[in-house]
Structure formats: structure tokens, C-alpha cells
Number of protein chains: 2
Amino acid sequence: MRRLPLYHRFLKTWAESGRLSVSCTDIGAELGLDPTQVRKDLETARIGGRPRIGYVLPEVIDALESFLGWKNVSEAFLVGAGSMGSALIGYRKFEQCGLKIVAAFDADPAKIDSRIHGTQVLPIDRLADLAARMHVLIGIITVPDSQAQTVADVMIAGGIRAIWNFAPVRLRVPDGVIVHNEDLYISLASLSQKLAKAIHLGGRPPANARRRPGRPERTVIHAMP
Amino acid sequence: MRRLPLYHRFLKTWAESGRLSVSCTDIGAELGLDPTQVRKDLETARIGGRPRIGYVLPEVIDALESFLGWKNVSEAFLVGAGSMGSALIGYRKFEQCGLKIVAAFDADPAKIDSRIHGTQVLPIDRLADLAARMHVLIGIITVPDSQAQTVADVMIAGGIRAIWNFAPVRLRVPDGVIVHNEDLYISLASLSQKLAKAIHLGGRPPANARRRPGRPERTVIHAMP
DNA sequence: TAGATTGTTAATCGATTAACAATC
DNA sequence: TAGATTGTTAATCGATTAACAATC
């Protein structure tokens, strides 16, 4: 599920280093995870291995990409050509993960018809019509808080089914529309709380603390089901 | 824990609308959560209410801010004055959540001594020394993948204890250093998988789908413990 | 064959949810 | 008082971890 992209990334570098197969133990050691858990995860992606050998690299990488839906690229519209929007448009590797931002939209007339990293900026009132005609299903919101709900409504009117929301706002959407919140404030809160706890408890870090190549930090990203 | 910032945000708007108290039922209804869970969450922040009345708004907001550590602001250094870095520097509301980005660093000579949203850009080789002298404990990494580990090492050398990492790379750090990964690729993978599943199962959304003011989408952010 | 590794079933753990008494 | 709401304890659920047989 959420760990699969991590596996994929590691397996790519593992493959580049010339290996032909990989075991759950290898993956677990690298990512600081239990090998059994890795096996379970691969199982949910319907990926099987061979006892004693492990998983054949090209096979497992390919299967992961299929399962993650990275084989066919979905087109997305982005609304809000500010600094965050521009940054996302610049993340060209999204395409390798099945997402292509095909157009940006903004309310600011000064930005209309300009290009950001080669992607054209269009007026927001063309969004709904274009989304419907092009069958775009994914929308990315990088506008100020106050406009996020309005933009979401327009997206939904255009038939968009999944919204990646970078505004710190709870969007109200009909059933069947997926909202994925990228809430940096929540993320920040979790970081600073962990830091506060660490400082409160441990004080200074161990003086002889060293990087340990064999044991990376326990992979933490964030959570909220 | 991770839902508390959400409660805080809602309670602020609730207070602005003139109310003096709030019940777990109110919060749960707004955020699509079980009232019992809300109560449990507030309990972990050592916030109590009164039967029949609920929680007194100024009290609970204040207690949340204290618990989240938003009362005293931590200073942070950001490395990588690209588009993502600039976007983060522009998120001025971080200060209300206890984080102030006091300086940016970059390897590009062209960017040195420029200002981004008023924040000065310094050469990266001054980071370790400055961090140590200013007792900066938080570092934000927005550099390309290939440089992330190097930057992390410099930060740690300067005494930084918590790293907010926007590069899709597993950083290797000593014990006692906190790494918080903001991995947009993982987030994207989860979004597109949910979309794929929804389309596969449901096909089109219900034709009469409407926004429902009383029931927002189930609050989902992402996960990985 | 022996040993590493997968596959699978059971045990543990934590978080969520339910139930209900206590209280204003 | 009656009723809404908190506080708290127990039940459920899902995810993680452990144990062990199957297999190459």
C-alpha cells in the first residue's frame, strides 16, 4: 500500500547496482522494516517470490509499477500558479509515477498565457469545460485557503474525480470524489512535537552519534486514516 | 496527536463565529470523526471539558496551542532555494505553528545574498557554523535528491536535531536526529491508487451527487508509522 | 542434503469504536 | 429533574509481528 513506492525506489537502485534478485531481508534491512511485513506488502500487490532465491528484480519492479498504476499516465489540471503550484509543475518525475500536469489555471490575468516550466497557464473559467472535454480526472489545488472550496467546486463541475489539495482546508465534496490532503501544517506540527519530546527527554544527542549505513532511521512519513 | 492541528483550526473558526463552547459531537460532525475519538484525542492533550457544557473555547484553543508547542517559535534553516524552497519560505503561517525560517542556503552563487520573501539566501558552507552559533535545531531540505544526504550531514554537523526532508530520499542520520519525510511521490501514489480503485469499482459517480454541508469527506491525510 | 527464504497461520499490539456510568 | 455531554472501561478491528511449515 503506502510502502510500495518506497520499495520501488529502493529496488530501482538495487537493480542499477547490478543485482538480479532481492530478498525481503534486503529490503527490510535497507528501509528499517520487518522482513515479514515486506513480504506481506508484496503479497497484497500479488507479487510472489521463490524460496531461497527471493524476488526476481525486473519482475518485481514491473509488477510494482503495474500495481501502482504507473504504467499509464493520468492527466491532471493544476489550479493556482503561485510558488507551490510552480514547484509541483517542475516536479517532472511525477510523470514516472503516472501523473502528468497538462495545464495550469489561475485567476490572475497577469499570469494567463504565460508558461511555467513549459506548461501553459489558462484562465480558471475555462477549467470545467476543458476538464470535461479532455476527460481529466485529477485536479491539484495550490490556491490560497479562501479560494480552495470554490476551485474544488469548479473541478467537480468539470468531472474531476480526485483532488490533491495543498490548501489547509477541509473540502466538502460529493460522494465518489476523492480528496487527498497535503497539509503541511499538520506535518509540521508532528515534526515539532517529536522534536520537543526528544529534547525534553533526551537533552543532547549522544556525543558519539554516528551515521549507521546499515540501519537508516525508521521510515516515518505521517498518518491519518 | 496528528488530528490535534485539525481540531485547532476548526475551533478557531468556531470561536470566530461567536460561540463560547464546543462539544466533541460538534467537532466530530465537522471533521467526520467519531465523537469518542475526539474526546480521547483531547484527553491525550490533557484537555478536559464539562458534562452537558462541553469544552470552553478559549481554554481548549489555548491548551491545544501549548500542547502543540506553538507558543514558542523555533528557528529553522532551509537549504535549497529552488521553487519548493521558495514556496515554503512564503508560507508565513508556519510562524503561527511555531516555525520561523530565519535563513535560506543554496549552492548556486547566483542566488547568494538575494532575498526570497524577505529571507536572505546564504552560501551553504556557512550553514554548520551559523546553526551551531544560533542554536538552530530544525533544518528543511528542498534540494535535488542527489544532494539531500550531503546537506543532511552538514546540518547534523551544525547541531541540527530535526530535519524536514522534501527530497524523495531516505536520509541516514545518527540516533537522536529526527527525520520527517514529506514524500510527494508516495502521497501521489496513494492518490492515484485510490482513484484507480474508485473508477474500477464504481465507474461514474452518482449522477445526483451533491455537496453535503453536514458531512465532509472522511479526513484523510496519509500514513506510515 | 542443508540452509536460506518464501508462504501462511497464529499472536500481539495499538488504535478505533462501543457501552455505560458520572456529572453538570 | 431530565437530558446532554464528559470520562472511563471494555470490545472490536486492523495492522504488525512472531512462529513455523513448505520449497527451492
Side-chain angles (χ1 to χ4, degrees), chain A residues 1-7 10-11 14 19-57 59-61 63-64 67 186 190 193-194 197 215 217-225, chain B residues 1-7 10-11 14 19-57 59-61 63-64 67 186 190 193-194 197 215 217-225:
Chain A
M1 23 211 119
R2 66 188 183 280
R3 278 179 297 267
L4 295 178
L6 238 45
Y7 299 162
F10 168 61
L11 295 177
W14 193 254
R19 327 238 193 173
L20 299 174
S21 66
V22 68
S23 74
C24 293
T25 319
D26 298 328
I27 302 177
E30 171 69 20
L31 265 38
L33 299 169
D34 190 289
T36 308
Q37 188 173 52
V38 175
R39 210 170 298 130
K40 270 258 163 72
D41 289 342
L42 292 178
E43 199 181 352
T44 63
R46 286 181 225 97
I47 298 171
R50 289 178 213 169
R52 170 87 220 218
I53 296 161
Y55 299 82
V56 179
L57 267 177
E59 278 179 21
V60 65
I61 290 174
L64 271 178
F67 187 78
I186 289 174
S190 130
Q193 190 144 52
K194 273 188 278 181
K197 196 181 292 178
R215 185 138 76 77
E217 92 276 13
R218 200 155 181 342
T219 297
V220 174
I221 301 190
H222 26 229
M224 178 139 205
Chain B
M1 21 209 126
R2 63 189 182 282
R3 278 180 297 267
L4 295 178
L6 238 46
Y7 299 162
F10 168 60
L11 294 176
W14 193 254
R19 326 236 194 175
L20 298 173
S21 67
V22 68
S23 75
C24 293
T25 319
D26 298 328
I27 302 177
E30 172 69 21
L31 265 38
L33 299 168
D34 189 289
T36 308
Q37 189 172 51
V38 176
R39 211 171 298 129
K40 270 258 162 70
D41 289 342
L42 293 177
E43 197 181 353
T44 64
R46 286 182 225 97
I47 298 171
R50 288 178 214 170
R52 172 84 220 220
I53 296 161
Y55 298 83
V56 180
L57 267 178
E59 278 179 22
V60 65
I61 290 175
L64 271 177
F67 187 78
I186 289 176
S190 129
Q193 190 144 54
K194 272 188 279 182
K197 196 180 293 177
R215 184 137 75 77
E217 92 276 14
R218 199 155 180 344
T219 297
V220 173
I221 300 190
H222 27 228
M224 180 138 203

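Atom set for the values below is all heavy atoms of this structure, side chains included, hydrogens, waters and symmetry mates excluded. Numbered from 1 within each chain, the chains take letters A, B, ... in sequence-line order.
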On DNA chain D, compare the nucleotides closest to B:P35 and A:M1; which residue's is nearer the 5' end? B:P35
The helix from C:dG3-D:dC24 to C:dC24-D:dG3: angle between end helix axes, five pairs per end, rounded to 10 degrees: 10°
Let me confirm one number: the OH-CD1 distance from A:Y55 to A:I47, rounded to the nearest 0.5 Å. 8.0 Å
Rounded distance (Å) that lies between atom P of D:dT16 and atom CG of A:L31: 14 Å
Is there a side-chain contact between A:L33 and A:I27, using heavy atoms and a 4.5 Å cut-off? no
B:I27 CD1 to D:dT6 C1', in whole Å, measures 12 Å
Note: B:F67 and A:Q193 closest approach over all heavy atoms is O-NE2, 3.0 Å
Would you kindly give the CD-to-C1' distance between B:E59 and D:dT6, to the nearest whole Å? 14 Å
So how far is it from A:F10 CZ to A:I61 CD1, rounded to the nearest 0.5 Å? 10.0 Å
Of all the heavy-atom pairs spanning B:C24 and B:P35, show the shortest one and how long it is. CB-O, 3.6 Å
Checking B:R2 against A:S190 for the side-chain contact (heavy atoms from CB on, under 4.5 Å) test, could you report, in this order, the C-alpha distance in whole Å, the side-chain angles of both residues, the deciding distance, and whether it holds? CA-CA 6 Å; B:R2 63 189 182 282; A:S190 130; 5.8 Å; no
Say you draw a straight line from CG of B:L64 to CD of B:E59; how long is it, rounded to the nearest 0.5 Å? 12.0 Å
Can you check whether A:R3 has a side-chain N or O nearer than 4.0 Å to OP1 or OP2 of D:dA15? no
Compare the minimum distances between each of C:dT8, C:dT16, D:dT6 and the side chain of B:R2, then state the nucleotide with the smallest one. C:dT16
Nucleotide D:dA15, atom P - distance to CD of A:E43 in whole Å: 14 Å
Rounded to whole Å, CG of A:L42 lies from P of C:dT6 at a distance of 9 Å
In short, A:T44 meets A:M1 closest at the heavy-atom pair CG2-CE, 4.0 Å
I'd like to compare against my own output: the B/S/- annotation of nucleotides 18-24 of chain C with a strict under-4.0 Å heavy-atom distance to protein. B----BB
Any idea which heavy atoms bring A:D41 and A:L4 closest together, and the distance? O-CD2, 3.9 Å
